[in-house]
Each structure stands twice: as C-alpha cells, then as structure tokens.
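One structure is given below, encoded as structure tokens.
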Amino acid sequence: MAGHSKWANIQHRKKAQDAKRGKVFTKMIREITVAARQGGGDPDANPRLRLAVDRALAVNMPKDKIEKAAARGAGTDEAAAYEEARFEGYGPGGIAIMADCMTDNRNRTVSEIRHAFNKHGGNLGTDGCVAFMFEQRGVLIYPPDTDEDGLMEAALEAGAEDVISHDDGAFEVLTTPEAFTQVRDDLVGAGLEPADAEVTMRPTTTTALEGEEASKTLRLIERLEDLDDVQHVYTNADIQADAYEEA
C-alpha cells in the first residue's frame, strides 16, 4: 500500500504478525521448504531460498526451524505436493487485490478465497484481471526519522533505482528484484537497517480509500492473510492512517 500511510501500514502489519506468530511461522516453513525443493538447500546458490530465509528471520523465526525446513525441502518430501497459485480480484471501491498461495488442495483454496472476498465487499476475478497493475520490485522501508540525504546517497551508490519519500515521513528504496539482495546488504553495511525489506509486487498506480471502504478493505486483506494457504497479499489501495485503528 503506497502513499501517505506507508508507516502506519508497516506498523499495522507487524502487530498482526506478532498476534499470529505461530501461523506466520507455518507459512514461512512452507515457503522455505518449497524454495529449497525447487532450487536446493544452499541460500547462497538459491536466491528464492535466500529471500524466504530473510523473511523468516525478519519475523524472528528460530534459526533451527529455518535450517530444518530448508533441509527437509532439499530432500524428497511432501513439498512436491504443493502447487503455487495466484488469485486476483477486486475489493471495496474497485481496488485491485492479488493473493499468492501455496496449496495442496486448489479447490479448497479457491472456495476460501472466494468466501473472503464475498464476505468483505469484494469479488474474486479471473486470471490476469489485475496483475497488469503490478510490477515486481525490491522494496526497503525506512522510518520517518531516517536521514534522507544519507539514505539517498547510500542507496544510489548501492545500485538502487529510486528513493521515495512519503507524506508521513517514511522512505522507500526501490530496486530491481535481481539487485535487491546486494542493495540491502550494502545499506545494512552502511548502518542503514531497514524496518521492512522484501521483493514484492508493487502497484504501478494506487487508489485512495477512506472511511468505511478503507476499513472494509483492511478487514478483507487481513482475512486473506489469515488463510493457511495464502502466503502474500498485494493491493493498490492507498489507505488513510486512521483506518488502521478502526479495522
């Protein structure tokens, strides 16, 4: 969710993760296992696994659990049964929503996602109906008290594409997916630890939501994220900060 409420969005998401840490760990284990299954158990030689491990560390998942998941995925196990699937649809106000899933039962997943959309004022769409509104980008988030000049200089020197400042004072450093790891490592090495960092699907344009539409959208996103088969949810909604308190 780009826009004036970037920092509110980050804080809201972290609180939600803390409240559901067990479920978050389960999703991280699935992601690590599948990544290792597809590209091997060495994070240095498997960029997808490296990103999955980084996400797990960011939510304070114990290293022994991460290592066990990677080792399990690198062998022959149930990870092969998981199918990756993306579901697209529209939320309140016509905003775009995508949910990336890993599932061993596609029919169950489709049913659960459709129910979530219908219950919260949205509707599940067809493949490709909103994907064109997003592009894959590496995104690093910095809090409002970050030194803008120092961040700008270090980010561009590290090979970032752009640094964006938001109305709430937060900053986004944008990279290509391929350059993400190097840029992040260089910024951390320069003493600029991001509050949040990931390769994600970023909307090319956003739609502002306020009031009940904003609150309903947040409830829909939270419901989707709470589903066991959903790994990531993306939207082009730009939501006012006060909506996070009302959702």
Side-chain angles (χ1 to χ4, degrees), residues 1 9-35 37-38 48 51-52 55-56 58-61 65-66 69 72-73 77-131 133-134 136 196 198-203 209 213-237 239 243-244 246-247:
M1 295 175 220
N9 175 29
I10 294 298
Q11 298 304 104
H12 181 79
R13 187 169 71 174
K14 287 185 179 298
K15 288 179 181 178
Q17 287 175 339
D18 288 342
K20 297 179 289 189
R21 190 161 299 278
K23 180 164 287 191
V24 171
F25 283 1
T26 299
K27 293 187 179 189
M28 291 297 100
I29 288 171
R30 184 178 297 186
E31 190 165 334
I32 291 167
T33 303
V34 171
R37 176 70 175 172
Q38 294 185 349
R48 178 174 176 177
L51 290 174
R55 289 191 183 106
V59 296
N60 298 315
M61 185 172 167
K65 289 184 180 292
I66 294 173
R72 190 162 59 245
D77 73 348
E78 72 279 2
Y82 284 116
E83 172 191 1
E84 294 182 272
R86 170 172 289 169
F87 298 95
E88 306 172 40
Y90 302 92
I95 56 98
I97 295 179
M98 293 197 308
D100 281 350
C101 304
M102 291 182 183
T103 178
D104 57 359
N105 186 327
R106 187 182 180 93
N107 289 337
R108 178 195 65 222
T109 305
V110 171
S111 177
E112 291 177 343
I113 289 180
R114 179 177 288 111
H115 177 72
F117 271 98
N118 292 343
K119 185 176 180 180
H120 296 285
N123 60 283
L124 185 61
T126 57
D127 290 348
C129 66
V130 300
M133 302 180 191
F134 297 82
Q136 191 176 42
D196 196 61
E198 61 181 341
V199 175
T200 185
M201 297 301 294
R202 178 183 171 84
L209 294 181
E213 283 188 342
S215 297
K216 288 173 65 176
T217 296
L218 286 177
R219 289 194 290 270
L220 170 55
I221 292 169
E222 288 182 355
R223 176 57 186 154
L224 289 170
E225 289 178 337
D226 197 44
L227 296 175
D228 290 341
D229 295 338
V230 174
Q231 296 295 113
H232 306 285
V233 178
Y234 312 106
T235 178
N236 71 341
I239 296 176
Y244 293 97
E246 298 171 2

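Throughout, residue positions are numbered sequentially from 1 according to the sequence presented.
The shortest distance between side-chain heavy atoms of Thr200 and Tyr234 falls below 4.5 Å.
Heavy atoms only, all atoms of each residue included: Met98 and Val130 are closest at CG-CG2, 3.6 Å. Thr33 and Arg72 get closest at one heavy-atom pair: OG1-NH2, 3.9 Å. Closest of all the heavy-atom pairs between Ala69 and Ile32 is CB-CG2, 3.7 Å. In this structure, Ala96 and Phe134 approach most closely via the heavy-atom pair CB-CE1, 4.0 Å. Across every non-hydrogen atom of Ile97 and Val233, the tightest pair is CG2-CG1, 4.0 Å. Looking at every heavy atom in both residues, Phe87 comes nearest to Cys101 through CD1-SG, 3.7 Å.
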Might you work through the side chain to side chain contact (heavy atoms under 4.5 Å, CB included) test for Cys129 and Thr126, ending with a clear yes or no? CA-CA 6 Å; Cys129 66; Thr126 57; 3.9 Å; yes
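Residues Asp229 and Arg30 are paired through a salt bridge, judged by an N-O separation under 4.0 Å between the basic side chain and the carboxylate. With respect to the salt-bridge test (charged N to carboxylate O, under 4.0 angstrom), the residues Arg48 and Glu84 qualify.
Although no hydrogens or angles enter the test, the distance criterion places no donor-acceptor pair under 3.5 Å between the side chain of Ser111 and the main chain of Asn107. A donor-acceptor contact shorter than 3.5 Å links the side chain of Lys23 to the backbone of Asp226. Using modelled atom types, one side-chain atom of Thr235 and one backbone atom of Ala237 make a donor-acceptor pair closer than 3.5 Å. Lys216 places no side-chain N or O within donor-acceptor distance of the main-chain N or O of Gly122, the cut-off being under 3.5 Å. Lys65 places no side-chain N or O within donor-acceptor distance of the main-chain N or O of Met28, the cut-off being under 3.5 Å.
Rounding to the nearest 0.5 angstrom, the gap separating the CZ atom in Phe25 from the CD1 atom in Ile66 is 8.5 Å. Put simply, CZ on Phe117 and CD on Glu88 are 9.5 Å apart, with the number rounded to the nearest 0.5 Å. Note that NE2 of His120 and CZ of Arg223 are 6.5 Å apart. Values are rounded to the nearest 0.5 Å. To the nearest 0.5 Å, atom CD of residue Glu112 and atom CG of residue Leu224 are 10.5 Å apart. Thr26 contributes atom OG1, which lies 13.0 Å from atom CD of Glu31 (distance to the nearest 0.5 angstrom). How far CE of Met201 is from CG of Asn236: 12.0 Å, rounded to the nearest 0.5 Å.
Under the side chain to side chain contact (heavy atoms under 4.5 Å, CB included) rule, Asp104 has a single partner from Met102, Arg108, Arg106, which is Arg108. The side-chain hydrogen bond (donor to acceptor under 3.5 Å, both in side chains) test with Asp100 is passed by exactly one of His232, Arg86, Gln231: Arg86.
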